[in-house]
Asks: 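Got a structure here, written out as structure tokens. Questions coming.
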Amino acid sequence: MSETRSIFRGVGGYLPARIVTNDELSKSLDTSDEWIVQRVGIRQRHIAAEGEVTSDLATAAARRALANAGLTIDDIDLIVVATTTPDKTYPATAAFVQNKLGMRHGAAFDLQAVCSGFVYATATADSMLKNGLARRALVIGAETNSRILDWTDRSTCVLFGDGAGAAVLELVTLERGEAERGILASSLRADGQHWDKLYVDGGPSSSQTVGHVRMEGKEVFKHAVGKITDVVETVLAKTGYTVADLDWFVPHQANRRIIDGAGAKLGIPPEKVIVTVDRHANTSAASVPLALATGVEDGRIKRGDLVLLEAMGAGFTWGATLVRW
Ligand code: ACO
């Protein structure tokens with residue numbers, strides 16, 4: 001019997017040109033390279049140029065993903081942008097991306113699940129493809145976090161960066177006997193009672209302002225490792241695979257200690273974990289696709305590999321997707 005699956009046909013990332021090191025931050029902030037590296041493993045972050053908006057980053061990443069897939073925008077009929085830093089309150093950033101890419105057909109919308117955005121968007125696009133709503137989707141995570149940071153708050157501003165990552169998902173039919181490929185299972189979770197542990201203190205309906213990131217770091221840390229391991233175990237259980245079968249673990253890049261803690265609790269060897277947080281910092285919804293693009297471009301993630309994507313963020317939201325590359 002044949003089976004339909006959404007495969008990752010191409011991936012691409014984009015980072016703004018400007019790099020800000022910890023030493024540069026410590027010139028205007030009471031912090032140090034030593035503190036930041038020891039607590040979160042971040043050495044630098046990319047920051048968008050003045051006038052460079054989230055849809056610019058998303059469009060650049062999308063172009064690279066299309067090139068990697070060997071496709072053009074005419075082949076795409078759905079754009080989903082996961083972002084928490086939209087260009088405008090509306091229309092959706094996805095509409096700006098669609099326009100910049102010159103696409104005049106299909107559908108485009110944004111999805112807001114903060115750092116879990118790309119995993120949520122991947123699961124959503126996968127469901128839409130399987131239900132006949134589209135055939136090929138551009139799934140993008142893009143953020144200009146620098147625009148919602150309080151640059152005087154050393155406990156948050158050192159943690160984040162700007163960037164975008166994109167993937168082309170394509171619906172394929174696998175005939176009986178054909179090798180397994182594509183998204184095997186996803187699991188999504190949320191628990192809104194924790195909203196005040198990590199949030200932005202502004203919004204159109206509450207304050208009519210954009211606001212700044214506020215965080216209870218210790219609380220976020222306390223929840224992160226447990227929630228990540230839970231959702232990873234859930235998604236593996238859906239497929240019958242175990243941690244030992246994994247070739248690559250591509251976690252949300254929030255913080256080196258959270259990545260190491262989750263990896264250790266799950267029993268994933270460090271050499272199977274893709275880490276970019278040292279160079280990119282936390283790029284929220286862009287972090288997983290940027291890490292994925294890094295692993296594919298440098299040749300680590302190869303066709304046939306079993307790849308686990310995972311993210312956890314504000315809400316709280318968390319989720320995981322298991323993919324046969
Ligand atoms: N540089 C120097 N000192 C700092 C800095 C900084 N950038 N930030 C905080 N400090 C100081 C504090 O002021 C405090 O000083 P005090 O003892 O004089 O009061 C001291 O360091 C300890 O502060 P704590 O907040 O207790 O530090 P903690 O050990 O909890 O570490 C951290 C803070 C690194 C943020 C930690 O809580 C953490 O990793 N939390 C997870 C947060 C995270 O990753 N968020 C990302 C978004 S969520 C997600 O994507 C999953």
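What you see is a predicted model, and the numbers here were worked out from it, not measured in a lab. Whatever order the structure lists ligands and atoms in, that order sets their numbers, starting from 1.
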Asks: Do you see a donor-acceptor pair shorter than 3.5 Å between the side chains of Ser186 and Thr321?
Replies: yes
Asks: Which part of Val158 is near ligand 1, with near meaning a heavy atom under 4.0 Å away: side chain, backbone, both or neither?
Replies: side chain
Asks: Closer than 4.0 Å to some heavy atom of Lys218 - which atoms of ligand 1 meet that?
Replies: 24 (P), 26 (O), 27 (O), 28 (P), 29 (O), 30 (O), 37 (O)
Asks: If you measure from each non-hydrogen atom of Val40 to ligand 1, which part falls under 4.0 Å: side chain, backbone, both or neither?
Replies: side chain
Asks: Does a side-chain N-to-carboxylate-O contact under 4.0 Å join Glu216 and Lys197?
Replies: no
Asks: For atom 32 (C) of ligand 1, decide whether some protein heavy-atom distance is shorter than 4.0 Å.
Replies: no
Asks: Within ligand 1, which atoms have a heavy atom of His252 less than 4.0 Å away?
Replies: 49 (C), 50 (O)
Asks: Check each atom of ligand 1 against the heavy atoms of Leu198 and keep those under 4.0 Å away; list them by number with element.
Replies: 47 (C), 48 (S)
Asks: Which of these, Gln253, Met215, Arg256, has its nearest heavy atom closest to atom 42 (C) of ligand 1?
Replies: Met215
Asks: Against heavy atoms of Asn255, which atoms of ligand 1 measure under 4.0 Å?
Replies: 38 (C), 39 (O), 41 (C), 43 (C), 44 (O)
Asks: Quick one: does Ser155 get within less than 4.0 Å of ligand 1, heavy atoms only?
Replies: yes
Asks: Counting only N and O atoms by type, is there a donor-acceptor contact under 3.5 Å from the side chain of Arg64 to the main-chain atoms of Gly13?
Replies: yes
